[in-house]
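One-based numbering, in listed order, for ligands and for the atoms of each.
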Amino acid sequence: MKENSTIPPTVIVIVGITGDLARRKLLPAIAGIAEEKELPDDFRLVGISRRKITPQEVLDDTPGLTTNDRAFLLKHLTMYQMDLDKLEDYVSLKGYLEQQDSEHKTASQHLFYLSIPPQFSEPIVTNLGLSGIAAVPSTKLLLEKPFGTDLASAEALIARTRMYFGEEQIYRIDHYLAKEMSQNIVTFRSQNPLFAHTWSAQFIDKIEIIASEQIGIEGRGTFYEQTGALRDFIQSHLLQLAALILMQPPQDNSSWQTSRLAALRALIVPPDADVPQIARRGQYEGYGVEAENPGSTVETFAAVTLFSDDPLWQNVPISLITGKALDQKRTEIRVFYKADAQSKTSSVTTAPTPKDDNIIGQQPNVITFHLQPNEGIDIQIWVKQPGFGRDVQLLPLAFQYSSHYQKLPEAYERVLVEAMHADHTLFSSSDEVLASWQLLAPIQHYWEMHNDDLIHYQQGTSIENILEV
Ligand code: BG6
């Protein structure tokens, strides 16, 4: 079958190919894209590692690949060993990539995927710049979150990256934006008049964005000690999902970043004095030993409530909640409709409430976007129970992807394909990154100065239990 000929010849250079992300996500994603025939005819993969290792050894250590996947990757992967701290090694790498291109009689775009701990990003970016690699306009830089650790470090990283790369060369990955259900949120809200007309504070009471994980830190103690739940999830994934819920639907494909940015900028930076009320944090029991830092105050659970000053969303609390070592893996967004949608503007007439107000008025309709597992959307609606009585019951009206579609693309497959196509829709702009750090700055500051509010929770507990404390 024909490969994707709309993508130019491409080389993906994975810096840190022996790391966890590359083995668990990137290599399987590349094999998946190959299967979908979404790779260009002329495609190569270069793995960068500090130690000497063969392509076969890399793949032997990569889980979840079929025999076909392995054969494909083995055919396209070459390894390049270098010291990431040495500028001369980048100069040699540049020569190696040029030589590959001349052997293939082509001029490829080179996508540098930095699959390394975030503290190494800055020196690598600098060396890519000084070696002249970044100066080639078709070179692209794919960066993994977290982009910095706070507003000041994000500003510094962005400034450093801009010294060598144009904004159009940079792809900041937030794989939650690339999840199929995330991409459907704006479509659902804007293409269905029923919801498009009621998507505002006039009808919506509150919004909850939840990412609960069963796994703990899984041996990533060093990374997590510098990160914590606020930076790992809220600054990136959950704020981006909030933007998809709150933003104005974009006019065209090129304005997604600006629409998300406007929604993020409309969120109100919490005043310092409000932080204890709007932000909670917790740590699962046993974390300190696992992270080899008994007494650590790093949070593995965080819950933050924000408000927007967009007139459409006035006084609607938006709660962002995440935690590790909880009772279930569940990522969902719940939109609670007002039980009694009192019109704020007199020109709109609200539907009459049924006389029997112990039916409606107690529990509202709730729309839930299920990002994982069981991707889909459901809406809690009141129905009359069958029978001779008039009893009513809340039941879901549900759309499930699995009932209509066989397979959903993996988020990392989508990210790589979009970057090859030079489409920035699913990537965070530098302004989006800065806006989200700015929102969290007072919380970070308060948590640095105090630690008496850290809740210790049992592994396997629920979000509701933690928040009850
Ligand atoms: C990553 C976080 O961005 O997302 C991890 O750094 C987290 O801590 C992971 O486990 C969860 O991703 P997903 O797609 O499995 O929900």
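Ring geometry for F112 versus H110: interplanar angle of 30 to 60°, hence tilted.
Scanning the protein heavy atoms around atom 9 (C) of ligand 1, the nearest turns out to be E213 OE2, 4.1 Å. Closest to atom 2 (C) of ligand 1 among all protein heavy atoms lies D232 OD1, 3.3 Å. If you check which protein heavy atom lies closest to atom 15 (O) of ligand 1, you get K329 NZ, 3.4 Å. Ranking the protein heavy atoms by distance from atom 16 (O) of ligand 1 puts Y176 OH, 2.4 Å first. Of the protein's non-hydrogen atoms, the one nearest atom 5 (C) of ligand 1 is R220 NH2, 3.3 Å.
The distance between the ring centers of F188 and F399 does not fall below 6.0 angstrom.
Side-chain polar atoms of E225 and N293 form a donor-acceptor pair below 3.5 angstrom.
Annotation for ligand 1: atoms under 4.0 Å from non-hydrogen atoms of H237 are 1 (C), 3 (O), 4 (O). Shown in contact with F233 at under 4.0 Å from a heavy atom are these atoms of ligand 1, numbered in order with element: 7 (C), 11 (C). Per-residue contacts place K145 under 4.0 angstrom from the following atoms of ligand 1 (heavy atoms of the residue considered): 1 (C), 2 (C), 3 (O), 6 (O).
Atom-to-atom distance recorded for L84:CG and N127:CG is 8.5 Å, nearest 0.5 angstrom.
Among the atoms of Y224, none of the N or O lies under 3.5 angstrom from an N or O of ligand 1. Considering backbone and side-chain N/O atoms, H175 comes within less than 3.5 Å of an N/O atom of ligand 1.
With R334 contributing its side chain and I210 its backbone, the two residues share no donor-acceptor pair below 3.5 Å.
You'll find the side chain of K324 reaches within 4.5 Å of the side chain of Y224, heavy atoms only. The side-chain heavy atoms of Y164 and Q169, taken from C-beta on, include no pair separated by under 4.5 Å.
A 6.0 Å sphere centred on CD of Q251 holds no more than 12 heavy atoms belonging to other residues, nucleotides or ligands.
Contact between K324 and ligand 1 is present, with at least one heavy atom of the residue lying under 4.0 Å from the ligand. Using a non-hydrogen distance threshold of 4.0 Å, T331 does not register as a contact of ligand 1.
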